[in-house]
Amino acid sequence: MRRLRNRLAGALLSVLALSLTATGCGGSSEAAPGGGGSTSSPAGASVANRVEPLAPGPEPRLPVTVPSADGERVTVQAAERIVPLSGSLSEIVFTLGLGNRVVARDVTATFEQAAKLPVVTRGHDVSAESVLSLRPDLVLAETTSGPEEAVDQIRAAGVPVLFVEAAGGLDDVGPRIRAVAGALGVPAAGKELTRRSEQRIEAVRKGVPHGEKPRVAFLYLRGSASVYLIGGKDSGAGSLIEAAGAVDAGAASGLAKDFTAITSEALVKAAPDAILVMSKGLESVGGVDGLVKIPGVAQTPAGMDRRIVSVEDGVLLNYGPRTDQVLKSVVAQLYGEDGAE
């Protein structure tokens, strides 16, 4: 399996595969959106299930030749039938105002405007046959998209494939938007959306309470597959946690890898005041009641206070046009409506 360094999706794919091999447990990482969450989450803390497209929608000026994150240069002749191979890339295309040109989606593209599109990617498992059957004139891929053989097959069929660097933090919001916009022949729209996204993120950051910083541990949970992981330095969540005025407890406790199997010792050392989880993961372990039964969780300040921050899987670490909403949700759940810890 190709090592996907410093990228959450690749890291989770590798760890999940290893875990399933070791435990023999099955189960899917996919579940119904929503569900789970802090028992004390304030109203309005969830992220809207719709994207907000630029208006009016731009008209692509093609052809263009642009650099791809895999080192190639890609010439895009047309963008009438676009296939993004991740939910995050779908979100960018739709928010640029070009969603009517998207003909398929990844299973993580759960926002309302994309929900009825056919699924051609599931957890970085691309089906070349499914993609090609839709006659795309452009495929947008993450540097974590795969398997490589499938992507090579799509390119061999003459379809341009543009790779975009996978998201790792807040600093990636603008570059990813501009990369997609450039390939679609709408660079001005890319600049506008970047400006709007960054301004909204900054507005949320200005409202973060000052004072002692809570320690927040990011846990990746898939109870059906017996996967229980704590995020470290390269989990992808550190940037979001820090923007919320908190400390990444896993990284601060010395966890240098992206993810490490949860142990009582690791949790005690991390000593989180709050725990950040994906909503499907929380649901998979039986909600907050099930989470505090995982060895070590109940002994942390977060477990004792049942202080859980839950955000929808499809947007938590996308670092895209809805990241301001994600950050706002994290801040609201972490500090409460009155801004007090």
Side-chain angles (χ1 to χ4, degrees), residues 1-14 17 60-79 81-93 96 98 101-102 104-106 108-109 120-121 123-132 134 136-191 193-194 233-236 239 257-258 317-321:
M1 182 180 294
R2 180 177 54 175
R3 178 170 176 78
L4 307 174
R5 298 181 57 193
N6 302 329
R7 298 290 180 253
L8 172 68
L12 298 184
L13 182 64
S14 300
R61 300 184 64 178
L62 300 170
V64 295
T65 298
V66 293
S68 176
D70 64 342
E72 300 290 331
R73 291 189 65 80
V74 175
T75 297
V76 180
Q77 299 284 353
R81 300 182 62 81
I82 305 167
V83 175
L85 298 183
S86 77
S88 179
L89 294 176
S90 290
E91 182 177 319
I92 293 173
V93 177
L96 284 169
L98 300 175
R101 298 166 181 260
V102 177
R105 68 181 177 96
D106 177 75
T108 60
V120 294
T121 320
H124 301 271
D125 183 13
V126 177
S127 168
E129 293 77 11
S130 296
V131 172
L132 292 173
L134 295 166
D137 46 36
L138 175 63
V139 170
L140 300 173
E142 305 268 0
T143 48
T144 56
S145 297
E148 291 180 89
E149 294 78 8
V151 178
D152 290 343
Q153 186 177 341
I154 294 169
R155 272 185 167 164
V159 179
V161 177
L162 179 86
F163 280 92
V164 179
E165 285 289 351
L170 286 169
D171 290 342
D172 295 323
V173 172
R176 284 167 56 81
I177 290 173
R178 291 192 294 271
V180 172
L184 296 179
V186 291
K191 292 180 181 178
L193 182 55
T194 294
K233 180 181 177 182
D234 294 325
S235 73
S239 177
K257 295 196 303 180
D258 39 26
L317 300 180
N318 270 5
Y319 294 114

Looking at [X] and [Y], what are the two nearest heavy atoms and their distance?
| X | Y | result |
| --- | --- | --- |
| Phe163 | Thr143 | CD2-CA, 4.0 Å |
| Gly168 | Asp172 | N-OD2, 2.6 Å |
| Pro84 | Ala104 | CD-O, 3.6 Å |
| Ala141 | Val161 | CB-CG1, 4.1 Å |
| Arg155 | Ser68 | NH2-OG, 4.0 Å |
| Gln153 | Leu132 | O-CD1, 4.3 Å |

To the nearest 0.5 Å, what is the distance between [atom1] on [X] and [atom2] on [Y]?
| X | Y | atom1 | atom2 | result |
| --- | --- | --- | --- | --- |
| Ile82 | Leu134 | CD1 | CG | 13.0 Å |
| Arg178 | Ile92 | CZ | CD1 | 11.0 Å |
| Leu62 | Gln77 | CG | CD | 8.5 Å |
| Thr108 | Leu85 | OG1 | CG | 10.5 Å |
| Asn318 | Ser86 | CG | OG | 7.0 Å |
| Ile177 | Thr194 | CD1 | OG1 | 4.5 Å |

Contact check, side chains of [X] and [Y], non-hydrogen atoms, under 4.5 Å:
| X | Y | answer |
| --- | --- | --- |
| Ile154 | Val126 | yes |
| Ser239 | Asp171 | no |
| Ser127 | Thr121 | no |
| Leu162 | Val76 | no |
| Pro160 | Leu138 | yes |
| Pro60 | Leu98 | yes |
| Arg81 | Val83 | no |
| Leu193 | Pro321 | yes |

Practice task
State which residue, out of Glu165, Glu91, Glu142, fulfils the salt bridge (Lys or Arg N to Asp or Glu O under 4.0 Å) condition with Arg176.
Solution key: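 Only match with Arg176 under salt bridge (Lys or Arg N to Asp or Glu O under 4.0 Å): Glu142.
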
